[in-house]
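To start, the structure under review is shown below, and the notes come after it.
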Amino acid sequence: MARDMIIVASFGTTVDSSRDKAIKVIEDTIAEAFPEMAVRRIFTSNHIRRILDSRGIHVDSLTEGLAKAAQEGYDRVYIQPTLMIPGIEYDLMKEDIAAAIQRPGEVILGEPLIVSETDIDALTAILADRYQLTNLAADEGVVFMGHGTGHANDCLYEEIWQKLNALAPGHVGLATVEGHIRAEEVMAFFHEHGVRRVTAAPLMLVAGNHARKDLAGDEPDAWKGKFQADGFEITFNLQGLGELQGVRTRFVQKLQRIFV
């Protein structure tokens with residue numbers, strides 16, 4: 001009988017509590033869904049893995065994880081990334097896999113959370129329920145902070161915003177840390193539609209350093225200060241997407257689609 005393994009591939013975080021609440025819980029959900037398979041963790045970020053190593057916490061890279069799977073005699077490895085979109089990290093994963101495989105079909109890579117319009121619709125429904133987007137008051141808004149990327153697929157964030165805003169026109173914003181949609185664009189959008197009270201939340205797998213510093217922190221460039229300086233009353237919900245059951249279910253469904 002063939003021995004199969006699942007590798008759950010996350011970017012990673014140095015925030016211990018977020019690692020448990022948003023990454024481990026996904027790994028546990030996948031392990032519960034597929035009890036006949038071994039489930040292993042890897043982090044794609046070399047920077048995060050170095051920091052964790054300095055604390056005595058080792059997490060394998062994808063290359064290390066694949067090497068161990070081969071050494072332990074697994075016939076096939078399914079990799080489920082917990083990345084938001086197919087961007088730079090996803091491309092690098094493909095390169096690592098191409099360098100590691102010895103025979104066709106031994107490593108099968110799944111999709112990130114958002115690839116298609118179906119994925120966007122599913123995420124929109126999850127967020128609409130979590131943040132009650134259809135029940136916002138006239139002066140209320142919700143803004144999501146995505147990571148963003150210089151990759152061409154950064155355009156997916158714009159599509160997510162359009163879908164979310166369609167549920168509550170003028171009351172939902174989305175901007176990114178490293179992509180092309182800026183917080184200033186959302187602030188102008190909210191002013192135009194009479195929004196004064198804003199709930200801000202990360203559109204990221206974990207509520208890690210970006211959420212704690214770039215979103216809700218006291219640093220000069222943090223969104224907290226920007227929105228307050230522009231006249232908004234802002235509160236924060238620092239909950240990563242991995243903490244939402246609906247998102248975890250989506251990753252299980254994506255894995256089911258790649259099984260052979």
N/O donor-acceptor pair under 3.5 Å between [X] side chain and [Y] backbone:
X	Y	result
R49	F43	yes
D75	R3	yes
N237	A201	no
S18	A207	yes
E64	S61	yes
D119	S116	yes

Please walk me through it: do K68 and D60 pass salt bridge (Lys or Arg N to Asp or Glu O under 4.0 Å)? CA-CA 9 Å; K68 288 182 179 179; D60 285 340; 3.0 Å; yes
Share the residues that join I88 in a hydrophobic cluster, the rule being Ile, Leu, Val, Met, Phe, Trp or Tyr side chains under 4.5 Å apart at the heavy-atom level. L92
Just so I know, are the side chains of [X] and [Y] near enough to count as touching, which here means a heavy-atom distance under 4.5 Å?
X	Y	answer
W223	V143	yes
V206	V15	no
F11	M84	no
H147	Y157	yes
D4	M37	yes
D214	D221	no
I108	R76	yes
L164	I160	yes

Passes salt bridge (Lys or Arg N to Asp or Glu O under 4.0 Å), R41 versus E27? Steps please. CA-CA 8 Å; R41 165 189 294 179; E27 297 162 350; 2.7 Å; yes
Got a list of side-chain donor-acceptor pairs under 3.5 Å for residues 172-181, not counting sequence neighbours?
| from | atom 1 | to | atom 2 | distance (Å) |
| --- | --- | --- | --- | --- |
| T176 | OG1 | G179 | N | 3.1 |
| T176 | OG1 | I181 | O | 3.2 |
| H180 | ND1 | D154 | OD2 | 2.5 |

Just verifying a value: how many Å separate [X] [atom1] and [Y] [atom2], rounded to the nearest 0.5 Å?
X	Y	atom1	atom2	result
L66	I7	CG	CD1	4.5 Å
L241	R130	CG	CZ	11.0 Å
T118	L123	OG1	CG	12.5 Å
L205	L83	CG	CG	8.5 Å
N135	E140	CG	CD	9.5 Å
I6	F251	CD1	CZ	13.5 Å

Of the non-hydrogen atoms in [X] and [Y], which two are nearest, and what is the gap between them?
X	Y	answer
K94	L109	CG-CD2, 3.8 Å
I234	A200	CD1-CB, 3.9 Å
A128	L167	CB-CD1, 3.5 Å
I101	A98	CG1-O, 3.7 Å
Y90	P81	CE1-CG, 3.9 Å
P35	E32	CD-O, 3.5 Å

Taking atom types as modelled and ignoring hydrogens, do the side chains of [X] and [Y] form a donor-acceptor contact shorter than 3.5 angstrom?
X	Y	answer
T14	N209	yes
S10	T82	yes
Q245	T249	yes

Working note: Y78 + F34, criterion ring-ring contact (aromatic ring centres under 6.0 Å, His included); need CA distance, chi angles, decisive distance, verdict. CA-CA 12 Å; Y78 297 95; F34 309 105; 8.8 Å; no
With sequence neighbours left out, write down each residue that passes salt bridge (Lys or Arg N to Asp or Glu O under 4.0 Å) with D28, or none if nothing qualifies. K24
Those residues at least two apart in sequence (or on a different chain) that pass salt bridge (Lys or Arg N to Asp or Glu O under 4.0 Å) with E117 are K163
Can you check side chain to side chain contact (heavy atoms under 4.5 Å, CB included) on L255 and I258, steps first, answer last? CA-CA 5 Å; L255 258 174; I258 66 171; 4.1 Å; yes
Are L244 and M145 connected in a single hydrophobic cluster, I mean Ile/Leu/Val/Met/Phe/Trp/Tyr linked by side-chain heavy atoms less than 4.5 Å apart? yes
Answer with yes or no whether the hydrophobic clustering places V115 together with V252; edges join I, L, V, M, F, W, Y residues whose side-chain heavy atoms lie under 4.5 Å apart. no
Using the side chain to side chain contact (heavy atoms under 4.5 Å, CB included) rule, take M5 and E72 through it: C-alpha gap first, then chi angles, then the decisive distance, then the call. CA-CA 10 Å; M5 173 190 287; E72 294 172 21; 4.3 Å; yes
Tell me whether Q228 at atom CD has more than 12 heavy atoms from other residues, nucleotides or ligands lying less than 6.0 Å away. yes
Side chains of residues 183-195: which donor-acceptor pairs under 3.5 Å do they make with residues two or more places apart or in other chains?
| from | atom 1 | to | atom 2 | distance (Å) |
| --- | --- | --- | --- | --- |
| E184 | OE2 | K226 | NZ | 3.2 |
| H191 | ND1 | R196 | NH1 | 3.3 |
| H191 | NE2 | D230 | O | 3.1 |
| H191 | NE2 | D230 | OD2 | 3.0 |
| H193 | ND1 | F189 | O | 2.9 |

One thing to verify: whether [Y] and [X] come together as a salt bridge, which I'm taking to mean a side-chain N less than 4.0 angstrom from a carboxylate O.
X	Y	result
D218	K213	no
D16	R19	yes
R250	E111	no

According to side chain to side chain contact (heavy atoms under 4.5 Å, CB included), who are the partners of N153, at least two apart in sequence or on a separate chain? I85, P86, H151, L156
Decide side chain to side chain contact (heavy atoms under 4.5 Å, CB included) for V142 and V198; before the verdict, give the C-alpha distance in whole Å, the side-chain angles of both, and the deciding distance to 0.1 Å. CA-CA 5 Å; V142 178; V198 176; over 6 Å; no
Can you say whether the rings of Y131 and F144 are parallel (under 30°), tilted (30 to 60°) or perpendicular (over 60°)? perpendicular
Which is it for I79 and V77 under the side chain to side chain contact (heavy atoms under 4.5 Å, CB included) test, yes or no, and what are the steps along the way? CA-CA 6 Å; I79 303 173; V77 178; 4.1 Å; yes
